[in-house]
Structure formats: structure tokens, C-alpha cells
Novice: 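Provided herewith is a single structure, encoded as C-alpha cells, for subsequent inquiry.
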Amino acid sequence: MDRDQVAAILSEIGTLLELQGESPFRCNAYHNGARVISQLEEDLGSVVREGRLSSLPGIGETLRETITTLVNTGHLPFYDDLKAKVPAGLVQMLRIPGLGPKKVKALHEQLGIDTLEKLQVACDSGQVAKLRGFGGKTQDNILQGLKSLSEMGNRVRLDQAVLVAHGLVEGLRGLPGVKRLEVCGSIRRRRETIKDIDILVSSDDPIPIMEVFVKLPGVIQVTGQGSTKSSVVVQKIMPSGRSLTMNADLRIVSDAQYPFALHYFTGSKEHGIAMRLRAQKYGLKLNEYELAGDAKSVACKDEADIFRGLGLDYIPPELREDTGEMEDAEKHTLPKLIEYRDIRGVFHNHTTYSDGGNTLQEMAEAAQAMGLSYLGIGDHSQSLTIANGLTPERVQAQLKEIDALNKKMKGFRIFKGTECDILADGSMDFDDDLLSKFDYVVASVHSYFKMSREEMTERIVRAVRHPRVTMLGHATGRLLLQRDGYQVDLEAVLKAAAETGTMIEINADPHRLDLDWVHCKRARAMGVMLVINPDAHSTGGLANYFFGVDVARRGWLEKQNVFNTLEADAVAKEFARRKAL
DNA sequence: GCCGTTTTCGGCCCGACTGTTTTCAGTCG
């Protein structure tokens with residue numbers, strides 16, 4: 001059983017225990033354990049085999065045994081018993097806003113409700129309102145929740161959430177009385193998927209701003225309205241034509257409180273808890289309004305002052321996941337994170353030669369207009385007929401066109417590349433002779449996704465070890481919220497990359513963001529060079545690389561860990577060096 | 001269930017809002 005499966009079971013055990021009315025601290029220990037395992041940078045199997053589980057924070061004796069059993073045998077009697085005792089419908093009921101473990105337990109014990117269907121019936125007949133601790137309002141809210149459960153997906157992609165948040169921010173910025181304004185939460189931390197939107201404003205006169213907020217275009221429901229916090233449901237039509245429904249909160253505090261609120265609402269929850277614990281050790285209390293002790297309070301004009309007040313270097317939002325950033329901030333060893341402006345050019349882009357929407361020249365001119373100094377082409381190879389993959393003859397034509405454009409364009413360079421398929425046996429879709437005509441080769445899996453983990457790992461490692469392969473494309477093939485990646489031992493892939501010097505792509509298409517940030521961190525530790533590739537299929541897609549930089553920052557990467565921070569001449573020199581090997 | 005510069009037991013982050021209450025429990029982030 002792998003990392004994600006183990007984490008999912010630990011988290012489910014925590015939830016099932018909550019539904020049984022267990023101590024919240026015991027339940028939380030399982031949730032915390034799940035988080036620690038899901039953010040593990042190494043291969044879980046190795047950690048278990050080498051007896052290093054107990055050294056992980058939050059993993060004690062019980063969780064060590066639990067995880068070991070799951071990894072070794074694939075199941076756990078304790079978990080099976082728990083599942084048999086707690087009806088699955090109760091877990092479903094928790095997804096309804098306003099229903100937590102206590103209320104679900106009461107509904108189950110007093111009315112025998114153990115499915116969403118029975119809950120609907122009980123609400124329709126008015127039984128729920130009669131329960132102690134419930135009432136008409138609660139019953140209405142449950143009915144509303146049941147209705148929205150079907151139409152509102154849980155999480156959305158970062159790029160979608162950014163669009164929705166932008167619309168709300170535009171409606172608030174510049175209002176009278178608005179001093180500072182920022183989107184916080186997981187959008188500010190640049191997580192790859194987002195649950196809801198948190199906006200923070202500082203003002204001396206919050207009520208009128210709240211009034212505007214709950215009436216902004218797209219707001220279809222107001223679920224709470226107070227002087228410091230209001231919540232709405234907002235709907236927006238996306239460029240794809242599909243509509244998206246999300247929750248959005250607005251918090252308004254005084255300008256003096258703003259830095260504390262900004263830190264608090266940026267999260268993550270785990271980072272916030274760690275910070276408040278640290279404050280306690282300083283004899284201080286940290287909340288969304290102040291950093292203060294009995295006698296004194298620490299004046300902070302911005303977030304950096306808060307960290308400084310607790311003896312820490314400034315921690316960028318992307319690192320606030322409680323995965324070691326506090327320790328490094330204390331020792332002054334935090335990485336100097338890569339920035340958007342460090343990117344000098346992009347590889348792995350498609351044109352009308354394969355399945356892109358713009359011509360070679362259009363793509364190059366768009367990249368130059370964005371301020372980049374080079375563009376790498378990586379159209380599909382011959383096997384991928386569905387994406388109009390290039391035959392060797394058409395490759396020759398494209399290479400010729402690149403030569404012509406390179407003569408024509410001033411201060412800009414196009415690098416010749418291919419996104420060459422990794423065939424089922426790990427060999428490449430073009431022969432070595434043709435591959436050596438390119439400046440660089442991106443090797444990607446586009447077929448036989450259902451292979452066993454062992455076969456897939458062997459297949460990809462063979463490609464990584466191929467002397468003409470420069471970089472590995474989308475390492476797991478995942479599509480966020482749509483499709484899990486193929487089964488592959490990334491630790492083995494990274495190890496091969498570290499040995500051969502083959503780069504690993506951070507595919508910056510916001511549908512993919514693959515390699516993920518957790519493995520970026522691991523790759524950096526192993527000395528693997530990463531490369532941020534937009535995988536653009538049109539001129540608009542070139543800007544994807546910003547999302548790739550977000551992932552890189554979450555993965556603790558510095559400028560020197562990312563290949564395309566190099567200038568064009570240095571890139572050309574490196575490609576030439578590799579071809580001569 | 002975890003954990004330790006108030007340590008091996010007794011704590012465990014903290015406040016807003018809602019709806020049900022008549023002083024507070026539950027939920028959420």
C-alpha cells in the first residue's frame with residue numbers, strides 16, 4: 001500500500017472516530033498522521049523498512065504500528081472493524097456545511113439516519129427540527145446543503161479559483177474606507193487546488209464594505225454576514241463556458257490588526273498552530289488581532305515583524321505548511337525562493353505541427369513579447385497520432401523552419417526539441433539518429449497508463465537513462481481533480497535522474513502541476529535539476545509557467561535548481577555539452 | 001494518540017458566527 005492510500009485510511013479512521021464521539025485529540029492525532037504521511041517526500045516503503053517512522057513528527061507508537069501494518073499487509077483489522085461499526089452514509093453527511101460529527105451522531109442515534117436519502121426524508125417531514133439542539137433553521141440549512149452538495153464540487157484548480165477571486169477583488173478594491181486588501185488562504189499559498197476564497201480587508205468602517213460584498217455580481221447566496229466576517233456562495237462562468245460555484249469569505253479588521261489577520265487567514269492551519277505554540281513559549285499569545293502577553297504587545301506593521309517577534313526569518317506563504325519551515329527560519333537556513341522574473345525562457349511547447357493552436361512563428365513572437373529570450377519547441381512524436389504526432393519527414397520540415405526563424409528574429413532564439421513518446425517498453429518513439437538532430441528531448445508517457453507500478457517504474461527509468469533524453473515530461477500523468485497519475489515509484493525515477501543528470505519537468509499546465517511540490521522538495525534534496533515547462537498548446541498557454549514557479553516555490557526551489565533560469569547562451573552551451581557525451 | 005526549556009501525565013490554538021438556547025454547544029477555518 002502506498003503513501004496516498006495509507007494517508008487516506010488514517011484520515012478516514014480519524015473521521016470515523018469522530019463520529020463515534022471519541023476524544024477530539026485522539027481523532028486529530030490520526031488526521032495529523034495522515035497529513036505527515038501525505039507530505040512525506042521519500043518513499044513510504046523505505047521509511048517503514050528502515051524503521052524510521054517514529055522519527056516523523058506526530059507518529060508515535062500506535063501510528064507506527066498502524067502504518068507498518070498497512071504498508072506490509074495492505075489492510076488493518078482495526079480499520080475494518082471501525083468501518084463495519086460506522087455506516088458509510090454518516091461520512092457522506094459530514095460533507096453538508098453546518099453538520100459536524102456531533103450533529104451527525106445525534107441524527108443517527110435519535111432518528112436512525114444513516115444515509116443522505118433518509119436525511120432528506122427526515123428533514124422534509126420536519127422530524128429533524130424537533131431534535132434537541134436542532135431547530136427550523138438548522139433543518140432548512142441541511143436541506144439547502146443537500147441540494148448544493150450535488151451541484152457544488154469540492155475543490156477547484158488554482159487557475160479557476162484565481163479567476164473567481166479576481167472578480168470579487170475588483171469589486172472591492174477602491175471602495176471608500178478600504179485601506180489594505182489581499183487574497184489569503186490557500187490561493188496565497190498557491191496550492192494546486194482550492195476549496196474556498198478568503199479575502200482580507202483593513203478598514204475603520206466595515207459595515208458598508210460588507211454590504212457591497214454580499215451584493216457583488218455572481219453572489220447567489222449569503223451564508224453569513226457580520227461586522228468582521230461575511231460568507232457568500234459565488235458563481236462564475238469560466239472561459240470554458242462551464243459555471244463554477246465556490247464559497248468566499250470576506251474578513252475586515254482594523255489596519256493595526258491587518259498583519260496578524262493576514263498571517264492568520266493565509267494559513268496553513270498547521271503552520272498557524274505551530275506559530276501559536278511558539279508564541280506560547282515566548283509567553284505571548286498570537287491570534288488574528290495581535291501578538292501580545294500579559295504586560296506587553298509586540299507592534300507589527302507587517303508579517304515580517306510577526307516572524308521577527310518570534311525569533312524567525314520571514315517565511316513566504318508558499319512554505320507555510322509546517323513541513324520544516326519554522327526550524328529553518330529559526331536557523332536562518334530558509335531557501336531564497338525562485339521568483340517569476342527568474343525565468344528566462346520555456347521548453348516543451350506545441351505548435352500547429354502537432355496539436356497546438358498557433359504556428360511556430362506566432363508562438364515565438366508571443367514568447368518574445370512576454371519578455372522571454374528563448375522558446376523551446378516540443379511537438380508530439382509519430383506514435384501519438386491522436387495528437388497529430390510528427391513523422392521524421394515532418395520533423396525535418398519543422399527544423400528547417402526553426403533555422404529560418406532564428407535567422408530572422410532579433411534577440412530571441414528558438415530551441416529545437418520534441419516531446420518524444422516513451423513506448424511501452426521504455427524505448428523512444430524516434431531513433432537515436434533523429435533524436436540527435438534536436439537540441440533537447442522531452443520524454444513523456446502518453447500510453448498504457450494502467451501498467452503495474454514495477455513495469456511503469458522500469459519503463460520510465462529506462463527513458464530517464466537514455467543518453468539523448470534531456471528531460472522527463474509530466475512524471476505521473478495526473479490530471480488534477482480528474483485522473484490519478486499512473487503508478488510509479490518516483491523515488492526510483494528521481495534517483496535515476498540524479499545519477500544521469502536528466503532533468504525533471506515541472507509541467508506548469510494548471511491541469512497537471514506535475515511534478516508536485518512535495519517531490520520537488522525531494523528532488524532538490526537529491527540534487528536533481530528541474531525545469532519549468534508550460535506545455536503550452538497556444539500562445540495563451542505560455543503564461544502557464546507562472547503556475548510552475550508557484551509549484552517550485554512550494555517545493556523550496558531556488559533559482560539555481562531550475563534550468564530555465566539560465567540565459568539562452570548558457571542553455572545552448574549545456575545542450576551542446578550533453579550531446580557531446 | 002502524541003509529546004516534553006512549566007516533561008512521562010496532563011495538557012493539547014483560537015475566535016467568529018449560527019442557532020439554539022436563556023448562557024452555550026457545535027461548526028468552521
Side-chain angles (χ1 to χ4, degrees), chain A residues 10-11 13-14 17-19 21-36 53-67 78 93-107 128-142 144-145 184-189 194-200 206 210 222-232 247-253 257 260-261 263-292 311 322 330:
Chain A
L10 292 182
S11 175
I13 291 175
L17 290 174
E18 280 170 8
L19 288 167
E22 256 293 343
S23 146
F25 301 110
R26 185 179 174 213
C27 303
N28 192 44
Y30 280 96
H31 288 300
N32 185 53
R35 182 185 63 92
V36 170
L53 268 181
S54 298
S55 65
L56 300 175
I59 306 296
E61 188 51 28
T62 305
L63 282 178
R64 185 189 63 77
E65 277 178 28
T66 301
I67 295 164
F78 170 56
M93 285 159 68
L94 285 175
R95 292 172 58 210
I96 296 169
L99 277 192
K102 298 269 172 57
K103 282 205 160 72
V104 168
K105 190 160 179 271
L107 288 166
V128 170
K130 292 182 197 144
L131 285 185
R132 179 171 179 79
F134 291 72
K137 277 275 200 175
T138 306
Q139 184 170 274
D140 288 348
N141 286 340
I142 293 173
Q144 179 64 41
C184 338
S186 45
I187 293 182
R188 183 161 182 246
R189 301 201 315 280
I194 307 292
K195 187 144 164 284
D196 40 38
I197 295 168
D198 291 296
I199 301 171
L200 177 67
M210 288 299 189
V222 181
T223 45
Q225 188 175 354
S227 63
T228 69
K229 174 186 173 180
S230 294
S231 304
V232 300
N247 294 306
D249 287 352
L250 173 64
R251 317 266 182 159
I252 305 182
V253 297
Q257 294 167 334
F260 305 100
H263 176 264
Y264 188 93
F265 295 120
T266 295
S268 65
K269 193 175 153 209
E270 290 77 15
H271 168 84
I273 290 172
M275 285 286 283
R276 290 190 283 282
L277 283 171
R278 187 175 175 90
Q280 284 184 340
K281 288 178 187 159
Y282 277 66
L284 298 168
K285 190 173 78 172
L286 176 65
N287 57 31
E288 57 261 63
Y289 305 119
E290 60 176 0
L291 175 61
D322 193 25
E330 184 174 37

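Keep in mind that this is a model prediction, so the values were computed, not measured. A note on names: the letters A, B, ... follow the listed sequences, proteins ahead of strands, and every chain is numbered from 1.
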Novice: To the nearest Å, how far apart are A:Q144 CD and B:dT18 P?
Specialist: 16 Å
Novice: Distance between the P atoms of B:dA25 and B:dT21, in whole angstroms?
Specialist: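 Per the computed distance, 13 Å lies between those P atoms.
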Novice: At 4.0 Å (heavy atoms only), tell me whether A:D196 reaches a base, stays on the sugar-phosphate, or touches nothing.
Specialist: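 Sugar-phosphate only.
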Novice: Using the P atom as the point on both nucleotides, what is the distance between B:dC28 and B:dT20, in whole Å?
Specialist: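 It comes out at 15 Å once rounded to the nearest Å.
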Novice: Could you tell me how far apart A:H31 (NE2) and B:dC28 (C1') are, to the nearest whole angstrom?
Specialist: 14 Å
Novice: Using the test salt bridge (charged side-chain N to carboxylate O under 4.0 Å, His left out), find all partners of A:E65 that sit at least two apart in sequence or belong to another chain.
Specialist: none
Novice: Ignoring hydrogens and geometry, is there a side-chain-to-backbone donor-acceptor pair from A:S231 to A:T223 under 3.5 Å?
Specialist: no
Novice: Find the distance A:I67:CD1 to B:dC2:C1' and express it as a whole number of Å.
Specialist: 13 Å
Novice: Would you check if the side chain of A:E22 reaches a backbone N or O of A:C27 as a donor-acceptor pair within less than 3.5 Å?
Specialist: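 The answer is no, because no donor-acceptor pair under 3.5 Å joins these two groups.
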Novice: Between B:dG29, B:dG26, B:dG1, spot the one nearest the side chain of A:K195, thanks.
Specialist: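 Nearest listed nucleotide: B:dG29.
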Novice: Got a sec, which residues hit salt bridge (charged side-chain N to carboxylate O under 4.0 Å, His left out) with A:D322, two or more places apart in sequence or on another chain?
Specialist: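 A:D322 satisfies salt bridge (charged side-chain N to carboxylate O under 4.0 Å, His left out) with A:R35 only.
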Novice: Could you give the distance separating B:dG1 and B:dT8 at their C1' atoms, to the nearest angstrom?
Specialist: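 Each nucleotide's C1' atom is 14 Å from the other's.
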Novice: A:H271: what forms a ring-ring contact (aromatic ring centres under 6.0 Å, His included) with it, not counting sequence neighbours?
Specialist: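 Counting only residues at least two positions away or on another chain, A:H271 forms a ring-ring contact (aromatic ring centres under 6.0 Å, His included) with A:H263.
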Novice: Distance check, C1' atoms only: B:dC17 and B:dT23, in whole angstrom units.
Specialist: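 Here B:dC17 and B:dT23 have their C1' atoms 16 Å from each other.
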Novice: Do side-chain atoms of A:E288 reach the backbone of A:Y264 as a donor and acceptor pair under 3.5 angstrom?
Specialist: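 Not at all, since once roles are kept as given, no pair shorter than 3.5 Å links the two residues.
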Novice: Could you write nucleotides 19-25 of chain B as a row of B, S and -, 5' to 3', where a protein heavy atom under 4.0 Å of any base atom gives B, of only sugar-phosphate atoms gives S, and otherwise -?
Specialist: SS-----
Novice: Tell me whether A:R189 contacts the main-chain N or O of A:T266 through its side chain, where contact means a donor paired with an acceptor under 3.5 Å.
Specialist: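 Side chain of A:R189 to backbone of A:T266, a donor-acceptor pair under 3.5 Å: yes, one is there.
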Novice: Under the 3.5 angstrom rule, does the side chain of A:N287 hit a backbone N or O of A:E290 as a donor-acceptor pair?
Specialist: yes
Novice: Can you give one letter per nucleotide of nucleotides 8-17 of chain B, 5' to 3': B if a protein heavy atom sits under 4.0 Å from the base, S if only from the sugar-phosphate, - if neither?
Specialist: ----BBBSSS
Novice: Output all residues satisfying salt bridge (charged side-chain N to carboxylate O under 4.0 Å, His left out) with A:K285, sequence neighbours left out; order by chain, then residue number.
Specialist: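 If we apply the salt bridge (charged side-chain N to carboxylate O under 4.0 Å, His left out) test to A:K285, skipping adjacent residues, there are no hits.
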Novice: Contact class for A:P101 vs. all strands (heavy atom < 4.0 Å): base, sugar-phosphate, or nothing?
Specialist: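 Here A:P101 touches the backbone only, sparing every base.
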Novice: Can you tell me the Watson-Crick or wobble partner of B:dG10, both distances under 3.5 angstrom?
Specialist: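 Its partner is B:dC3 (Watson-Crick or G-U wobble, both distances under 3.5 Å).
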Novice: Would you kindly give the CD-to-P distance between A:E330 and B:dT5, to the nearest whole Å?
Specialist: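 Taking CD of A:E330 and P of B:dT5, I get 12 Å after rounding.
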Novice: Give, for atom OG1 of A:T228 and atom CD of A:Q257, the distance between the pair rounded to the nearest 0.5 Å.
Specialist: 9.0 Å
Novice: Hey, which sits more toward the 5' end of DNA chain B by its nearest nucleotide, A:F78 or A:I96?
Specialist: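 Counting from the 5' end, the first nearest nucleotide belongs to A:F78.
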Novice: Taking the same atom, C1', in B:dG15 and in B:dG10, what whole-Å distance lies between them?
Specialist: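 About 24 Å, rounded to a whole number of Å.
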Novice: In terms of side-chain geometry, is the basic nitrogen of A:E330 or A:R278 positioned less than 4.0 Å from the acidic oxygen of its partner?
Specialist: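 Yes, A:E330 and A:R278 are salt-bridged.
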Novice: Can you tell me the distance, in whole Å, between the CG atom of A:L250 and the C1' atom of B:dG29?
Specialist: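 Those two atoms, CG and C1', are 15 Å apart.
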Novice: For DNA chain B, whose closest nucleotide is more 5', that of A:Y30 or that of A:L99?
Specialist: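 Nearer the 5' end of the strand: A:Y30.
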Novice: What integer distance in Å separates A:E65:CD from B:dG1:P?
Specialist: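 Going from CD in A:E65 over to P in B:dG1 covers 10 Å.
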Novice: I need the CZ-P distance between A:R64 and B:dC3, as an integer number of Å.
Specialist: 13 Å
Novice: What's the gap between B:dT5 and B:dC13 when it is taken at their P atoms, as a whole Å value?
Specialist: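 So the two P atoms sit 16 Å from each other.
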Novice: Calculate the interatomic distance between A:L10 atom CG and B:dC2 atom P; express it in whole Å.
Specialist: 11 Å
Novice: By nearest atom, which of the nucleotides B:dT27, B:dC2, B:dG29 is closest to the A:A29 side chain?
Specialist: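 So the side chain of A:A29 is nearest to B:dC2.
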